[in-house]
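Heavy atoms only: backbone and side chains are in, while hydrogens, waters and symmetry mates are out.
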Amino acid sequence: HGDGFLSLPANREAVAMAIDREGLLSSFGIGGWTPTNRIVPAGVENAALQNEERWTNMSLEARRALAKARVARWNDRGQGRVRLRIALPSGSGADRLFSRLAGDFKQIGLDAARVGAGDPADLRLIDSVARYPRIDWFLNQLNCASQRGLCTSDADKDAAAARNETDLAQSTKLQARAVAKLTDANVFIPFGAPMRWSLVRGDTTGFAANQLGYHPLMP
């Protein structure tokens with residue numbers, strides 16, 4: 001949502017900076033789940049050319065101190081203590097996620113309230129499987145036409161130009177610019193790189209992991 005405290009990109013960045021991603025992911029006990037604050041995770045085609053991890057020169061404590069100062073400046077305007085509604089599905093995983101986020105946000109002076117997945121909210125969990133390992137998929141999820149949340153039309157223009165560009169180098173440059181604009185706008189808060197996992201018996205023969213999460217021979 002883009003009203004109130006979240007109307008400013010710097011404040012949205014403050015929310016993202018407050019999150020202890022290593023602690024969040026480790027609380028689920030899933031081996032190999034890599035924390036990231038990149039919109040396009042590593043391993044996706046041309047991902048290394050598009051964006052880097054953010055705040056690499058800052059500790060978690062330093063990030064939270066900066067974020068807390070931004071919250072304090074907002075409160076000094078007489079807006080009152082900020083309360084963020086977080087829309088999550090039901091289930092123990094969502095319970096754990098909310099508990100971690102609420103604790104992180106409290107560290108910078110923000111309150112959190114959990115609401116249902118379909119209720120009005122300030123932040124909403126998006127958990128989707130990428131259908132193909134290209135930057136286009138991630139740009140499409142944050143496109144204004146998707147109406148999934150905040151967006152930036154400037155990034156959409158660059159993404160559209162990249163799709164229509166026949167020169168690969170120029171297309172890659174336009175994609176990088178679109179990702180940079182989305183990152184600066186802080187319209188999405190990444191937690192970790194997407195996970196793919198399969199549940200099979202240990203003695204199953206002929207099994208091969210499928211990064212895309214669906215059978216390649218399906219119509």
Trainee: Hey, are R163 and D136 close enough for a salt bridge, meaning a charged N less than 4.0 Å from a carboxylate O?
Mentor: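 A salt bridge is absent here (no side-chain N lies under 4.0 Å from a carboxylate O).
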Trainee: Taking the side chain as C-beta and beyond, is there a heavy-atom pair between S26 and W33 under 4.5 Å?
Mentor: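 They are not in contact (no side-chain heavy atoms under 4.5 Å apart), so the answer is no.
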Trainee: Can you tell me how far apart CG (L139) and NZ (K181) are? Round to the nearest 0.5 Å.
Mentor: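 Separation between the atoms: 12.0 Å.
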Trainee: For atom CZ of R81, is the number of surrounding heavy atoms from other residues, nucleotides or ligands below 6.0 Å larger than 12?
Mentor: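 Yes, enclosed.
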Trainee: So, for R21 and N37, which heavy atoms are closest and what is the spacing to 0.1 Å?
Mentor: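 Looking at all heavy atoms of both residues, the shortest contact is NE-CB, 3.8 Å.
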Trainee: Could you state whether I189 and L60 fall into the same hydrophobic cluster, counting links through intermediate Ile, Leu, Val, Met, Phe, Trp or Tyr residues with side-chain heavy atoms under 4.5 angstrom apart?
Mentor: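 No, it is not one cluster - the side chains of I189 and L60 are not joined through contacts under 4.5 Å.
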Trainee: Taking all non-hydrogen atoms of both residues, which atom of S171 and which atom of A162 are closest, and how far apart?
Mentor: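 That would be OG-O, 2.9 Å.
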Trainee: Checking side-chain polar atoms at under 3.5 Å, does S146 have a donor or acceptor matched by the opposite partner on Q141?
Mentor: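 There is no such pair (donor and acceptor under 3.5 Å, judged by atom type) between the side chains of S146 and Q141.
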Trainee: Please determine whether residues V115 and L6 belong to a single hydrophobic cluster, defined as Ile, Leu, Val, Met, Phe, Trp and Tyr linked transitively by side-chain heavy-atom distances below 4.5 Å.
Mentor: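 No, V115 does not connect to L6 through the hydrophobic network.
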Trainee: Side-chain contact test, heavy atoms from C-beta onward, threshold under 4.5 Å: evaluate it for E165 versus T172 and give yes or no.
Mentor: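 Not touching, per the 4.5 Å side-chain cut-off.
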Trainee: So, for A159 and A178, which heavy atoms are closest and what is the spacing to 0.1 Å?
Mentor: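 So the minimum-distance heavy-atom pair works out to N-CB, 4.0 Å.
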Trainee: Are V187 and I126 connected, step by step, through hydrophobic side chains (Ile, Leu, Val, Met, Phe, Trp, Tyr) whose heavy atoms are closer than 4.5 Å?
Mentor: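 V187 clusters together with I126.
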Trainee: Give the minimum heavy-atom separation between A113 and F98, together with the two atoms involved.
Mentor: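 Reported closest heavy-atom pair: C-CE1, 3.7 Å.
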Trainee: Are F138 and L182 close enough that some pair of their side-chain heavy atoms sits under 4.5 Å apart?
Mentor: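 In short, these two side chains do not touch, never coming nearer than 4.5 Å.
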Trainee: To the nearest 0.5 Å, what is the distance between CD1 (I19) and CZ (R63)?
Mentor: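 Those atoms lie 9.0 Å apart.
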Trainee: Looking at side-chain heavy atoms only, is the closest gap between W137 and S128 below 4.5 Å?
Mentor: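 Side-chain contact under 4.5 Å: yes.
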Trainee: Under 4.0 Å between a Lys/Arg side-chain N and an Asp/Glu carboxylate O for R64 and D104?
Mentor: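 Salt bridge flag = yes for D104 with R64.
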Trainee: Does any part of the side chain of Q175, heavy atoms only, come nearer than 4.5 Å to the side chain of D158, both counted from C-beta?
Mentor: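 No, side chains not in contact.
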Trainee: What closest approach, in Å, do C151 and L142 show between heavy atoms, and which atom pair accounts for it?
Mentor: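 Reported closest heavy-atom pair: CB-O, 3.6 Å.
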Trainee: Taking the side chain as every heavy atom from C-beta outward, state whether L66 and W55 have any atom pair closer than 4.5 Å.
Mentor: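 Sidechains of W55 and L66: no contact.
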Trainee: Measuring from atom CE of M17 to atom CD of E13, what distance do you get when rounded to the nearest 0.5 angstrom?
Mentor: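 It comes to 5.0 Å.
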Trainee: Counting only N and O atoms by type, is there a donor-acceptor contact under 3.5 Å from the side chain of T204 to the main-chain atoms of R201?
Mentor: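 Answer holds: yes.
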Trainee: Is the side chain of N186 donor-acceptor paired with the backbone N or O of R12 at a distance under 3.5 Å, no angle test?
Mentor: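 Absent.
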Trainee: Working to the nearest 0.5 angstrom, can you tell me the gap between R124 CZ and F188 CZ?
Mentor: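 Taking CZ in R124 and CZ in F188, the distance rounds to 13.5 Å.
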Trainee: Between F105 and L123, is the side chain to side chain contact (heavy atoms under 4.5 Å, CB included) condition met? List the steps.
Mentor: CA-CA 12 Å; F105 294 166; L123 301 171; 4.0 Å; yes
Trainee: Measure the OG1-CD distance between T183 and E52 for me, rounded to the nearest 0.5 Å.
Mentor: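 If we round to the nearest 0.5 Å, T183:OG1 and E52:CD are 11.0 Å apart.
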Trainee: Is any side-chain N of the basic residue among D111 and K106 closer than 4.0 Å to the acidic one's carboxylate O?
Mentor: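 Result for this pair is no, no salt bridge flagged.
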Trainee: Assess whether side chain to side chain contact (heavy atoms under 4.5 Å, CB included) is satisfied between D127 and F191, documenting all intermediate values.
Mentor: CA-CA 11 Å; D127 183 15; F191 295 147; over 6 Å; no
Trainee: For S99 and D95, indicate whether the former's side chain and the latter's backbone hold a donor-acceptor pair under 3.5 Å.
Mentor: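 Absent.
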Trainee: Is any side-chain heavy atom of T36 closer than 4.5 Å to one of E53?
Mentor: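 Side chain of E53 against side chain of T36, heavy atoms only: contact under 4.5 Å found.
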Trainee: Just wondering, do P120 and R85 contact through their side chains at under 4.5 Å, heavy atoms?
Mentor: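 Yes, side chains in contact.
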Trainee: If every non-hydrogen atom of S27 is compared with every non-hydrogen atom of L24, which pair is closest and at what distance?
Mentor: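 The pair with the smallest heavy-atom distance is OG-O, 2.6 Å.
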Trainee: Hydrophobic cluster membership, with links at side-chain heavy-atom distances under 4.5 Å among I/L/V/M/F/W/Y: are F28 and L88 in one?
Mentor: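 As far as the 4.5 Å side-chain criterion goes, L88 and F28 are connected within one cluster.
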Trainee: Under 4.5 Å between side-chain heavy atoms, counting indirect links through other Ile/Leu/Val/Met/Phe/Trp/Tyr residues: same cluster for F5 and I86 or not?
Mentor: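 Same cluster: F5 reaches I86 through Ile, Leu, Val, Met, Phe, Trp or Tyr contacts under 4.5 Å.
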Trainee: To the nearest 0.5 Å, tell me how far C144 SG sits from L150 CG.
Mentor: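 So the gap between those two atoms works out to 9.0 Å.
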